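Working notes for the structure below.
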Amino acid sequence: MATIVNTTEEEPMLAVVRFTAELAWADAGPDVAEPEVARLCAEAQQHVLAVRWLDMASLMLASADLLLLSPRVLDKDLECILAIICNLVTKAGSEDEALQIAEAICAKLVQQPGDKPALRIKVLFSLYNLLASPYGKAFVYRKALEVAAAGKAAECVIPSFKNIDTFVGDWGIGKLEQRELFLAVARILKDQKGMSKEYFNFLNKYLATFDGSADDADVIGEAKEEAAAAIIEFVKSADLYQCDLLDMPAVAQLEKDEKYKPVYELLKIFLTQRLDSYLEFQSANSTLLQGYGLVHEECITKMRLMSLLDLSSHCAGEIPYSAITKALGINDDEVEYWIVKAISSKILDCKVDQLNQFVIVSRHTERIFGIPQWQSLRSKLLVWRGNIANAISTIQANKVTEDVGQGMQGLMIR
């Protein structure tokens, strides 16, 4: 095999062409192989001299399948060869040419993703960093997600998901592209252990791209499965007690869907009703809940905490023990256990008046934070601002009075 020696700017590319040509014709014998190798090298030389970088990329990629699948090529050598090919995007004379080169590279790397998926993704990320075009970066990143999903190499792309919002802003992609991106990420996260919260968040991002406008009318039905999945993830989670799913058109459509209507009803119960409503629903839909992997006892636990939040939102700051026992379906001696559980879940701040059997609530999580909640928050902020203004006025008035008093004392002394 040829050895790639980096002596000039162009030589690495020519060395790659020679290397791949010799590998491709290795079994043909020297009489056949040598003329073919020479022909390909001469063609490569012409492309370099004529500054035809797209043609050069096509020539170098012609044997890419052989390189990726050949046991004769070590991974470190393969990575080096692909890096040289990727570097062609920096030589392109225009953004369009760079994008065409990137598309050609991606077309090769997404084929047979189950073979060396980690290496393919690493090369794609290198290509991503070499591109100047935001559109090109978005395109290459999506291809990396394709390889990760098909090649079962989620661990190679998951660390990048924390930067998705920044990426979307930098790329300047539209609603449809964002929708495809969020769905691709959600599907990668779906079966990853310990990533249920992240999976739910990206399902939310995906569903939020459907705004109920006429533009979405023909495609919103495609989101039904993900809408149902988001509901189930919310109900399952022991960490999520607030969501905006009910306000999303992609979720609201389930209310009239024969298959998913019960799932929508379950969401409404968890976000707007109490334990007794859940128990009634469960008795009529136990098979459905089991089919979605929901555990009845875990649902009761969460629904009790949700019921406590509902009580907190409707009380005047104080909840009697009797109201808690009734809403949560528990005994008097269990009230403090559930209060502690709510506090440890960071959904409730309160004090317990054991003597008078009251719970004094100072803060609670709203199960739904929509327009009414924003309006309530605005009213509280206005009151707070007014109180601050009054306090400042009082302090200033007292200061003036104090200053006048001191002035009068000075006059009397004189």
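This one's a predicted model, so the numbers in the text were calculated from it and none came from an experiment. Quick note: residue numbers are just sequence positions, from 1. Quick note: numbers below take in every heavy atom, side chains included, and nothing from hydrogens, waters or symmetry partners.
- Of the charged side-chain nitrogens involved, none lies within less than 4.0 Å of a carboxylate oxygen, so that Lys175 and Asp215 do not count as a salt-bridged pair.
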- Item | side chain to side chain donor-acceptor pair (under 3.5 Å) evaluation trace for Asp353 with Asn356 | CA-CA 6 Å; Asp353 184 346; Asn356 296 307; 2.9 Å; yes
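- In terms of heavy atoms, Ile188 sits closest to Ala148 at CD1-CB, 4.4 Å.
- Ion pairing between a basic and an acidic side chain is recognised when a charged N comes within 4.0 Å of a carboxylate O; Lys76 and Glu79 show no such pairing.
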Per-pair distances, 0.1 Å, donor-acceptor, side chain in residues 100-117, under 3.5 Å, sequence neighbours excluded:
{"residue": "Gln111", "atom": "NE2", "partner": "Ala107", "partner atom": "O", "Å": "3.3"}
{"residue": "Lys116", "atom": "NZ", "partner": "Leu68", "partner atom": "O", "Å": "2.9"}

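- With sequence neighbours left out, the ring-ring contact (aromatic ring centres under 6.0 Å, His included) criterion links Phe200 to no other residue.
- Distance alone, capped at 3.5 Å, places no donor-acceptor pair between the Lys152 side chain and the Ala149 backbone.
- A 4.5 Å side-chain heavy-atom check between Leu99 and Val89 finds every atom pair outside the cut-off.
- Counting only heavy atoms from C-beta outward, the side chains of Met306 and Leu271 approach each other to under 4.5 Å.
- Under 4.0 Å is where a charged nitrogen must lie from a carboxylate oxygen, and between Glu265 and Lys268 no such pair does.
- In this structure, CG in Asp55 is found 5.0 Å from NE2 in His47, a value given to the nearest 0.5 Å.
- Between the CG atom of Asn331 and the OH atom of Tyr337 there is a distance of 14.0 Å, given to the nearest 0.5 Å.
- Between Lys261 and Glu255 no salt bridge is recorded (no basic side-chain N to carboxylate O distance below 4.0 Å).
- For the residue pair Leu54 and Glu97, the shortest heavy atom distance occurs at N-OE2, 3.4 Å.
- For the pair Glu280 (side chain) and Ser277 (backbone), a donor-acceptor distance under 3.5 Å is absent.
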- Task: Take Ser213 and Asp211 through the side chain to side chain donor-acceptor pair (under 3.5 Å) test and state the conclusion after the steps.
- Result: CA-CA 6 Å; Ser213 65; Asp211 56 14; 2.7 Å; yes
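- Here CD1 of Ile347 is found 12.0 Å from CD of Glu366. Values are rounded to the nearest 0.5 Å.
- The line from CH2 of Trp171 to CZ of Phe139 is 12.5 Å long, rounded to the nearest 0.5 Å.
- A tilted orientation is assigned to the rings of Phe202 and Phe182, their planes being inclined by 30° to 60°.
- Between the side chain of Arg18 and the backbone N or O of Cys41, no donor-acceptor pair lies under 3.5 Å.
- Using modelled atom types, one side-chain atom of Thr325 and one backbone atom of Ser322 make a donor-acceptor pair closer than 3.5 Å.
- Across all their heavy atoms, Leu131 and Ala98 have their closest contact at CD2-O, 4.2 Å.
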- Item | Steps toward side-chain contact (heavy atoms from CB on, under 4.5 Å) verdict (Met248, Leu245) | CA-CA 5 Å; Met248 296 183 181; Leu245 290 176; 4.0 Å; yes
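- In terms of heavy atoms, Ile339 sits closest to Cys350 at CG2-SG, 3.6 Å.
- In this structure, the side chains of Gln357 and Val352 stay at 4.5 Å or more apart for every pair of heavy atoms.
- Without hydrogens or angle criteria, Asn87 side chain to Ala83 main chain gives no donor-acceptor distance under 3.5 Å.
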- Audit row: Leu267, Val235, side-chain contact (heavy atoms from CB on, under 4.5 Å) steps and yes/no: CA-CA 7 Å; Leu267 176 66; Val235 172; 5.6 Å; no
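- The shortest heavy-atom contact between Gly329 and Leu275 is N-CD2, 4.3 Å.
- Figure legend: Lys224 and Tyr260 shown without cation-pi pairing, the cationic atom not lying both under 6.0 angstrom from the six-membered ring centre and within 45 degrees of its axis.
- Between Arg363 and Lys346 the shortest heavy-atom distance is NH2-O, 3.3 Å.
- With a 4.5 Å cut-off on side-chain heavy atoms, Val51 and Lys91 do not count as touching.
- Looking at heavy atoms from C-beta onward, Gln242 lies out of side-chain contact with Arg367 at the 4.5 angstrom threshold.
- For the pair Phe125/Val157, a side-chain contact is recorded, criterion being any heavy-atom separation below 4.5 Å from C-beta on.
- Aromatic rings of His296 and Tyr278 (six-membered ring for Trp) have centroids within the 6.0 Å cut-off, being under it.
- In this structure, Leu82 CG and Lys122 NZ are separated by 11.5 Å, a value rounded to the nearest 0.5 Å.
- Without hydrogens or angle criteria, Gln178 side chain to Ile173 main chain gives a donor-acceptor distance under 3.5 Å.
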- Test Thr209 against Arg179 for side chain to side chain donor-acceptor pair (under 3.5 Å), laying out the working first. CA-CA 6 Å; Thr209 64; Arg179 181 179 298 164; 2.9 Å; yes
- Item | side-chain contact (heavy atoms from CB on, under 4.5 Å) between Glu180 and Leu183, worked out | CA-CA 5 Å; Glu180 292 174 356; Leu183 180 59; 5.9 Å; no
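- Electrostatic pairing of Lys137 and Asp170 does not count as a salt bridge here, judged by no charged N lying under 4.0 Å from a carboxylate O.
- A cation-pi contact, defined as under 6.0 Å to the ring centre and within 45° of the axis, is absent between Lys351 and Phe358.
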- Kindly indicate, with the supporting measurements, whether the criterion side-chain contact (heavy atoms from CB on, under 4.5 Å) is fulfilled by Asp216 and Glu222. CA-CA 10 Å; Asp216 291 336; Glu222 299 171 2; over 6 Å; no
- Run the numbers on Glu177 and Arg142 for salt bridge (charged side-chain N to carboxylate O under 4.0 Å, His left out), then give the verdict. CA-CA 10 Å; Glu177 290 80 7; Arg142 279 297 314 275; over 6 Å; no
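- In terms of modelled atom types and a separation under 3.5 Å, the side chain of Ser237 and the main chain of Glu233 share no donor-acceptor contact.
- Leu328 is not listed as a side-chain neighbour of Met303, based on a closest heavy-atom distance of 4.5 Å or more.
- Remark: the backbone N or O of Val17 is paired with a side-chain donor or acceptor of Thr20 at under 3.5 angstrom.
- In this structure, the side chains of Ile158 and Met195 come closer than 4.5 Å at one or more pairs of heavy atoms.
- Partner of Tyr141 under the ring-ring contact (aromatic ring centres under 6.0 Å, His included) criterion, chosen from Tyr135, Phe167, Phe161: Phe167.
- Side chains of Glu336 and Gln354: a donor-acceptor N/O pair is present below 3.5 angstrom, by distance only.
- Ion pairing between Lys302 and Glu298 fails under the 4.0 Å rule for side-chain N and carboxylate O.
- Just one residue in the list Leu309, Asp349, Ile319, Asp310 forms a side chain to side chain contact (heavy atoms under 4.5 Å, CB included) with His364, and that residue is Leu309.
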